[in-house]
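These notes are about the structure you will find just below.
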Number of protein chains: 2
Amino acid sequence: MPNVPAATQAISLLKLLARHAGPLPAASIARELDLPRSTVYHLLAVLRDEGFVMHLAEERRYGLGVEAFALGSAYSRQAPLQRVARPLLTRLVETSSHNAHLAILHGREVFYVIEERAPGRPPLVTDVGVRLPASLTATGLAMLAALPSAQVRALFPNRDAFVQRHDVGVTSLTQLRAELIRVRQRTYAIEEGLVTPEFSSVAAAVVDHTGHPVAAVAVTYPADDVDDDRRRELARQVTRTAADLTRRIGGRA
Amino acid sequence: MPNVPAATQAISLLKLLARHAGPLPAASIARELDLPRSTVYHLLAVLRDEGFVMHLAEERRYGLGVEAFALGSAYSRQAPLQRVARPLLTRLVETSSHNAHLAILHGREVFYVIEERAPGRPPLVTDVGVRLPASLTATGLAMLAALPSAQVRALFPNRDAFVQRHDVGVTSLTQLRAELIRVRQRTYAIEEGLVTPEFSSVAAAVVDHTGHPVAAVAVTYPADDVDDDRRRELARQVTRTAADLTRRIGGRA
DNA sequence: GTCAAGTGTCTCAGATACGAGACGGAACCC
DNA sequence: GGGTTCCGTCTCGTATCTGAGACACTTGAC
């Protein structure tokens, strides 16, 4: 277990500022992180010097600084998966005429790293940077289905690990396993109205050379506009895009 | 002066990983940061736990993690300037048929936060996340021209503060001041071939309610394709976009 | 105008983190 | 197979950081 408390506190402070919709006063930061006020001021001073935090003196609040943006840009520049995936998602949007996105698994959540919107389609909740519970999303289910059984159990050790949305969603490991069996049988995941009522998604996993899921591709469409035949066609396009991306990153396709 | 060495070291490590094109071995990190190996491993352990760094075990290297991306996304979500500016730059690209970008001043450098590429135009060096010396760029000159004289002097205290590119660029405060006078007289900045040979840019500053420059808007075009009349027209569109953005953020226009 | 609450800075002693260096294992080279 | 280099983990004593709390200033309520 690493023990570098000042580094951990600094990182926690940045994460706190990222979680909120806007800048925070120092007293709120101290309270939410349960840190002494003087410690918080020391950390803020360092983070300001380094450009990760800026002080809005008139509002007496602290917000993220441009170095936070620079870090995110550096991650995007260095991440081979996103660079390779972007043109493939652009093409998927063209052929499907629906919004497409790429997500990665981060613990029990999915994290959206690419969102390509189709012309004339509304923006969805699955915007870049958003996190959602994996068990509730098509992309999450697609990736969980590609994980070894023991790893799924490790991620969901008890009933508390499950969340619901709009009063719907799996609530136990047994239910989740059953759903993942269905995903494997179909070779794609379906989510109907769990994330956004009246919208559905189909998703397929992207796996690396060991077969481990590194991302999932999905398309989202208005549920009423798409019959079973149309949905199978969208699923075919999504699984083909995911397989193509898997091949391009040298994965086991 | 803040003194929280572990926090400073952690942040320096993240910045180092951001500066490089890809992941680094721990030994390189120790060498470039001039830190003991055990200290570096402690910091890497914390940053991994928090998701800011990932360990590529097969390559024995460390790279930025998805929380770096999440931080950058949070900054973009919270930054009102970029949200307001993006549709204006999209429209500027449509009317001008050239690439447009938005930059902010960060010390003596400009930092590109939006890049909108025109259809059929090549990507340029001014990509999102890139930094360039302010004195060499149209956006930098536009913002410097809107700063009080004392602040320009503080940013460029001596000849060492100036850099050149392709053997061209101002090398003294006197030369810089003369150029900034010209920028103010024209109400826009011009850069010809300093950033990318054979490409030129025109830029105008976006100022806040105090008249302080918070960003600059620019258009970049192939120098040979644009005669004086055409360039004046592009400059008119750029200064209008910058004024529009200034008004929308409640600036002094 | 007065009082309370909040912000930001500063000091310094006791608690604790830092980092030198040892160790085991892996990878590479011959 | 042996030797070298590098990686990653671990220990513990000394140097140094953390944070309680005082202080000055600003803002807001009455």
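Letters go in sequence order (proteins before strands), and every chain restarts at 1. Predicted model only: the values in this text are computed from it and were never measured.
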Through what angle, rounded to 10 degrees, does the axis of the helix from C/dG1-D/dC30 to C/dC30-D/dG1 turn between its ends, using five pairs per end?
50°
Distance check needed: C/dG8 C1' versus A/Asp49 CG, whole Å only.
15 Å
Roughly, in whole Å, what's the span from CG in A/Leu56 to P in C/dT7?
14 Å
Under 3.5 Å donor-acceptor pairs involving side-chain atoms of residues 134-147 of chain A, not counting sequence neighbours:
residue  : atom : partner  : partner atom : Å
A/Thr137 : OG1  : A/Ala134 : O            : 3.3
A/Thr137 : OG1  : A/Gly140 : N            : 3.0

Would a 4.5 Å heavy-atom cut-off, applied to side chains only, mark B/Gln82 and B/Arg77 as touching?
no
Quick one: is A/Tyr62 getting a side-chain N or O under 4.0 Å of the C/dG8 phosphate, OP1 or OP2?
yes
Please list, chain by chain and in numerical order, all residues satisfying salt bridge (Lys or Arg N to Asp or Glu O under 4.0 Å) with B/Arg240, sequence neighbours excluded.
none
Indicate every side-chain donor-acceptor pair of residues 11-33 of chain A with a distance under 3.5 Å to a residue at least two apart or in another chain.
residue : atom : partner : partner atom : Å
A/Ser12 : OG   : A/Thr8  : O            : 2.9
A/Lys15 : NZ   : B/Glu50 : O            : 2.9
A/Lys15 : NZ   : B/Glu50 : OE1          : 3.0
A/His20 : NE2  : A/Glu32 : OE1          : 3.2
A/His20 : NE2  : A/Glu32 : OE2          : 3.3
A/Ser28 : OG   : A/Arg31 : NH2          : 3.2

Strand-adjacent residues in residues 18-29 of chain B, judged by heavy atoms under 4.0 Å from DNA chain C
none
Do any N or O atoms of the protein come closer than 3.5 Å to N or O atoms of nucleotides 23-29 of chain D, and which pairs are they?
none

Partners of A/His55 by ring-ring contact (aromatic ring centres under 6.0 Å, His included), sequence neighbours excluded?
A/Tyr62
Nearest-Å distance, CG (A/Leu44) to P (D/dG19)?
14 Å
Please state how far atom NE2 in B/His55 lies from atom P in D/dT9, giving the value in whole angstrom units.
8 Å
Output the rounded distance in Å from CZ (A/Arg31) to P (D/dG19).
18 Å
Tell me the interatomic distance from A/Leu47, atom CG, to C/dG8, atom P, rounded to whole angstroms.
15 Å
Suppose we screen for side-chain hydrogen bond (donor to acceptor under 3.5 Å, both in side chains). Which residues come up paired with B/Glu179, at least two apart in sequence or across chains?
B/Arg182
Please round to the nearest 0.5 Å and tell me the distance separating atom CG of A/Asp244 and atom CZ of A/Arg248.
4.5 Å
Measure the spacing between CZ of A/Arg86 and CD1 of A/Ile114 and express it to the nearest 0.5 Å.
4.5 Å
Who passes side-chain hydrogen bond (donor to acceptor under 3.5 Å, both in side chains) against B/Glu116, sequence neighbours left out?
B/Thr90
Distance-only, no hydrogens or angles: does the A/Arg108 side chain make a donor-acceptor pair with backbone N or O of A/Leu155 under 3.5 Å?
yes
Roughly how many Å is it from CD in B/Glu58 to P in D/dC6, rounded to a whole number?
21 Å
Identify the residue among B/Val217, B/Val206, B/Asp208, B/Thr241 that makes a side chain to side chain contact (heavy atoms under 4.5 Å, CB included) with B/Thr246.
B/Val206
Walk me through whether A/His106 and A/Arg131 qualify under side chain to side chain contact (heavy atoms under 4.5 Å, CB included).
CA-CA 9 Å; A/His106 196 45; A/Arg131 308 171 198 273; 3.3 Å; yes
Could you tell me the separation between the CD atom of A/Glu59 and the P atom of C/dG6, rounded to a whole number of Å?
18 Å
What residue pairs, at least two apart or across chains, pass side chain to side chain donor-acceptor pair (under 3.5 Å) with a residue in residues 153-162 of chain B?
none
Residues two or more places apart in sequence or in another chain: which of them pass ring-ring contact (aromatic ring centres under 6.0 Å, His included) with A/Tyr188?
none
Check nucleotides 17-19 of chain C against the protein and report each pair of N or O atoms closer than 3.5 Å, with its distance, or say if there are none.
residue : atom : partner : partner atom : Å
C/dA17  : OP2  : A/Asn3  : ND2          : 2.8
C/dG19  : OP2  : B/Thr39 : OG1          : 2.7

For D/dG8, does OP1 or OP2 lie under 4.0 Å from any side-chain N or O of B/Tyr41?
yes
